[in-house]
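Here's the structure we're looking at; comments come further down.
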Amino acid sequence: MLRVMALEWEQIIVDSADPVALGRWWAEALGWVVVDESEEIIEIRSEPDRMPGLLFVPVPEGKSSKNRLHPDFRPDDQEAEVARLLSLGARRADGVEDGQRWVTLLDPEGNEFCVLGNRGS
């Protein structure tokens with residue numbers, strides 16, 4: 001007989017060269033709040049008591065290849081949201097074809113994320 005374990009998804013860990021700067025960037029990009037911060041780590045959440053969150057931690061090595069996991073976001077207005085994220089410091093990913101229903105962007109440390117178009121498009 002299988003026993004079901006109670007699990008609560010608390011956070012995703014994001015390796016970073018500058019965790020505090022990157023965590024603050026994502027907090028602004030997502031409209032989230034900082035719930036914990038030190039000189040080396042920062043945790044952000046959509047609301048102080050709501051999980052999951054993102055915990056940014058330092059690592060000595062830089063990013064060397066494509067992320068194996070990345071977030072997708074579906075805004076009300078893809079074009080406006082891409083423009084907003086670019087104005088915050090995101091960059092367009094190289095090698096992405098025009099005409100896709102999503103736009104692949106990179107955060108300030110080069111982590112990929114996608115901004116999706118409307119569901120029916």
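FYI, side chains are in, hydrogens and waters are out, and symmetry mates aren't considered; it's all heavy atoms of this structure.
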query = Does any N or O in the side chain of Q78 come within less than 3.5 Å of the main-chain N or O of V115, such that one atom is a donor and the other an acceptor?
reply = yes
query = So do L105 and R91 actually touch side chain to side chain, heavy atoms under 4.5 Å?
reply = no
ask   = Could you walk me through whether V14 and L55 pass the side-chain contact (heavy atoms from CB on, under 4.5 Å) check?
value = CA-CA 6 Å; V14 181; L55 178 64; over 6 Å; no
inquiry  = So for atom CG, which belongs to D76, do other residues, nucleotides or ligands contribute more than 12 heavy atoms lying within a distance under 6.0 Å?
reply    = no
note = For A27 and I44, the nearest pair of non-hydrogen atoms, with its separation, is N-CD1, 3.6 Å
inquiry  = Under a 4.0 Å threshold between the charged nitrogen and the carboxylate oxygen, would R45 count as salt-bridged to E43?
reply    = yes
query = Are W9 and F73 co-members of a hydrophobic cluster defined by side-chain heavy atoms under 4.5 Å apart?
reply = yes
Heavy-atom closest contact (L106 atom, R92 atom, distance) = CD1-O, 4.3 Å
request  = For the residue pair D18 and E109, establish whether any side-chain heavy-atom pair is separated by less than 4.5 Å.
outcome  = yes
query = Near E39 CD, under 6.0 Å, is it more than 12 heavy atoms from other residues, nucleotides or ligands?
reply = no
query = Going through the distances and angles, do D36 and I42 end up as a side-chain contact (heavy atoms from CB on, under 4.5 Å)?
reply = CA-CA 6 Å; D36 188 23; I42 187 170; over 6 Å; no
ask   = Would M51 and V33 show up in the same hydrophobic cluster when neighbours are defined by side-chain heavy atoms closer than 4.5 Å?
value = no
query = Can you find a pair of side-chain heavy atoms, one from E81 and one from D77, that are under 4.5 Å apart?
reply = no
S65 backbone acceptor or donor facing K63 side chain under 3.5 Å = yes
Side chains of W32 and W26 in contact at under 4.5 Å (non-hydrogen atoms) = no
message = Do P19 and E40 have side chains that approach each other closer than 4.5 Å (heavy atoms only, starting at C-beta)?
response = no
ask   = Heavy-atom distance under 4.5 Å between the side chains of L30 and L54, does that happen here?
value = yes
ask   = Looking at side-chain heavy atoms only, is the closest gap between I41 and P58 below 4.5 Å?
value = yes
query = Can any side-chain N or O of N67 pair as donor or acceptor with the backbone N or O of H70 at less than 3.5 Å?
reply = no
request  = With side-chain contact (heavy atoms from CB on, under 4.5 Å) as the test, would you mind laying out the steps for R101 and L116 before giving the verdict?
outcome  = CA-CA 6 Å; R101 295 186 314 201; L116 306 175; over 6 Å; no
note = Minimal heavy-atom distance between T104 and C114, with the atoms involved, is OG1-SG, 3.4 Å
query = Can you check side-chain contact (heavy atoms from CB on, under 4.5 Å) on F56 and I13, steps first, answer last?
reply = CA-CA 6 Å; F56 297 82; I13 306 301; over 6 Å; no
ask   = Heavy atoms, side chains only, cut-off 4.5 Å: are D107 and L85 in contact?
value = no
message = For L88, is there any backbone N or O sitting under 3.5 Å from a side-chain donor or acceptor partner on W25?
response = yes
key: Presence of salt bridge, R84 and E28, under 4.0 angstrom   = no
